[in-house]
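Please read the structure below before turning to the comments.
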Amino acid sequence: MSNTDFALAVEDLTVSFDGFKAIDKLTLYVNRDEVRVIIGPNGAGKTTLLDLICGKTKASAGSIKFKNEELVGMDEHLRVRRGIGRKFQTPSIYENLSVFKNLEVSYPGGRSVFGALGFRCTDEVRERIQAVAEEIGLQQNLGMEAGLLSHGQKQWLEIGMLLMQEPELLMLDEPIAGMSARERELTADLLRRISKNRAVIVIEHDMDFVKQIAHKVTVMHQGKILAEGAMEAVQNDPKVIDVYLGH
Ligand code: ADP
Ligand code: MG
């Protein structure tokens with residue numbers, strides 16, 4: 001496979017904060033239809049890597065190509081339009097709006113100043129809302145105020161808000177934190193479903209969950225990649241046990 005066939009190709013990526021390299025010459029390739037899980041100790045640079053890919057943080061050096069187009073130097077909102085969706089650790093839903101409305105305003109164009117003024121909920125939008133609501137398991141909750149959802153349901157709603165934009169790369173930072181065992185299971189099912197047509201990058205600490213969803217695992221440490229491969233290989237890697245799993 002050549003480097004141009006990947007959904008995401010990160011090469012020699014570096015970011016320095018006052019001389020401290022939070023990401024240090026990191027190279028990573030992610031396929032279409034792949035769920036990649038990134039693990040590693042606190043401070044390894046996992047969240048910073050997602051910040052660099054979505055454009056929240058500017059790279060100091062290196063390249064980030066998405067479908068063979070360079071992202072370094074591109075504005076954050078343009079990256080969203082190119083098909084990059086990012087979920088942060090704390091959900092950012094509109095608590096006082098219905099689930100339906102939350103999905104509606106996330107439809108591309110629905111959130112812009114002009115879009116918000118002249119926005120019409122067309123059949124096309126309604127169909128997409130229905131399809132996404134089914135995908136995230138909230139089809140029975142469309143009329144409900146989002147603030148009344150359970151913690152897990154709020155997380156799924158936020159994933160749904162990203163799905164409204166049909167991202168080709170979806171990045172989730174610790175999506176199951178605070179979820180019940182049942183919610184974790186349902187989230188694993190959800191991630192398997194939504195990775196069918198896109199690349200998904202998940203940062204997660206829960207190894208049982210990682211085992212259920214990961215096609216490949218990348219272990220980060222001090223801004224670099226310590227190990228990468230199938231879950232079993234990574235789990236038995238003495239370097240990984242030493243800096244992460246052994247604790
Ligand atoms: P992880 O998500 O793996 O726990 P982070 O990516 O949050 O790690 O952080 C990696 C390192 O970079 C940490 O030492 C953190 O303090 C530092 N860092 C992250 N963002 C900034 C920033 N904006 N300014 C300065 N230091 C930062
Ligand atoms: Mg983090």
Side-chain angles (χ1 to χ4, degrees), residues 8-30 34-64 66 71-77 79-80 84-93 151-152 154-155 158-159 162 167 169-179 183-184 187-188 191 199-211 213-214 216-229 231 234-235 237 239-247:
L8 183 75
V10 173
E11 292 179 334
D12 293 324
L13 187 65
T14 300
V15 68
S16 306
F17 298 118
D18 297 323
F20 166 73
K21 286 181 179 167
I23 298 291
D24 189 3
K25 281 197 156 251
L26 185 138
T27 292
L28 173 91
Y29 302 101
V30 181
E34 177 181 352
V35 178
R36 172 69 56 92
V37 179
I38 300 178
I39 63 172
N42 283 330
K46 304 179 299 294
T47 297
T48 303
L49 176 62
L50 300 197
D51 289 345
L52 286 161
I53 296 169
C54 78
K56 187 173 172 252
T57 298
K58 283 187 176 34
S60 306
S63 160
I64 305 168
F66 177 59
L71 296 183
V72 171
M74 190 189 286
D75 273 356
E76 202 171 352
H77 75 278
R79 298 189 201 198
V80 171
I84 294 180
R86 158 86 184 275
K87 185 189 173 310
F88 291 87
Q89 271 165 283
T90 42
S92 57
I93 57 170
H151 170 75
K154 286 180 185 174
Q155 302 284 331
E158 199 184 5
I159 293 173
L162 294 168
L169 170 64
L170 190 60
M171 301 189 284
L172 309 171
D173 201 346
E174 304 191 17
I176 61 165
M179 281 190 183
E183 286 174 335
R184 284 166 190 237
T187 305
L191 292 186
V200 180
I201 300 178
V202 183
I203 294 175
E204 198 41 75
H205 290 289
D206 183 313
M207 286 306 127
D208 290 328
F209 184 75
V210 174
K211 247 179 252 175
I213 61 165
K216 222 178 184 186
V217 177
T218 296
V219 188
M220 282 183 63
H221 180 50
Q222 297 178 341
K224 296 182 195 317
I225 291 180
L226 183 70
E228 190 168 271
M231 182 68 183
V234 159
Q235 261 185 316
D237 186 326
K239 294 194 299 291
V240 177
I241 294 167
D242 189 37
V243 308
Y244 184 56
L245 296 174
H247 298 279

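All ligand and atom numbering here is 1-based and tracks the order in the structure.
The nearest protein atom to atom 7 (O) of ligand 1, hydrogens excluded, is given as T47 CB, 3.8 Å; this is a heavy-atom distance. Protein heavy atom in closest approach to atom 3 (O) of ligand 1: K46 NZ, 2.7 Å. Atom 8 (O) of ligand 1 has its closest protein heavy atom at G45 N, 3.2 Å. At the shortest separation from atom 14 (O) of ligand 1 among protein heavy atoms lies F20 CE2, 3.6 Å.
H205 is listed as a side-chain neighbour of Y244, based on a closest heavy-atom distance under 4.5 Å.
At a distance under 4.0 Å, no protein heavy atom can be found next to atom 16 (O) of ligand 1. Contact annotation for atom 22 (C) of ligand 1: protein present (non-hydrogen atoms, distance under 4.0 Å).
To the nearest 0.5 angstrom, L49 atom CG is 5.0 Å from I23 atom CD1.
Of all non-hydrogen atoms in T27 and I225, the two that sit nearest each other are O-CD1, 3.1 Å. Across V240 and L226, no two heavy atoms sit closer than the pair CA-CD2, 4.0 Å. For the pair P167 and L162, the tightest heavy-atom approach, listed with the atom from each and the gap, is CD-O, 3.1 Å.
Heavy-atom proximity to A22, at under 4.0 Å, picks out these atoms of ligand 1: 12 (O). Below 4.0 Å from some heavy atom of N42 lie the following atoms of ligand 1, by number and element: 4 (O).
Between T57, I38, T48, it is T48 that holds the heavy atom closest to atom 5 (P) of ligand 1.
Ion pairing of K46 with E174 is absent here, as no side-chain N (NZ or NE/NH1/NH2) approaches a carboxylate O to less than 4.0 Å. Taking the charged nitrogens against the carboxylate oxygens, D51 and R86 do have a contact shorter than 4.0 Å, which makes a salt bridge.
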Derivation of the side chain to side chain donor-acceptor pair (under 3.5 Å) call for E228 and T218: CA-CA 4 Å; E228 190 168 271; T218 296; 2.8 Å; yes
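Checking only distances, F17 never comes within under 3.5 Å of ligand 1, N or O to N or O.
With 2.8 Å as the limit, T47 counts as an N, O or S neighbour of the Mg ion (ligand 2).
The shortest heavy-atom distance from G43 to ligand 1 is under 4.0 Å.
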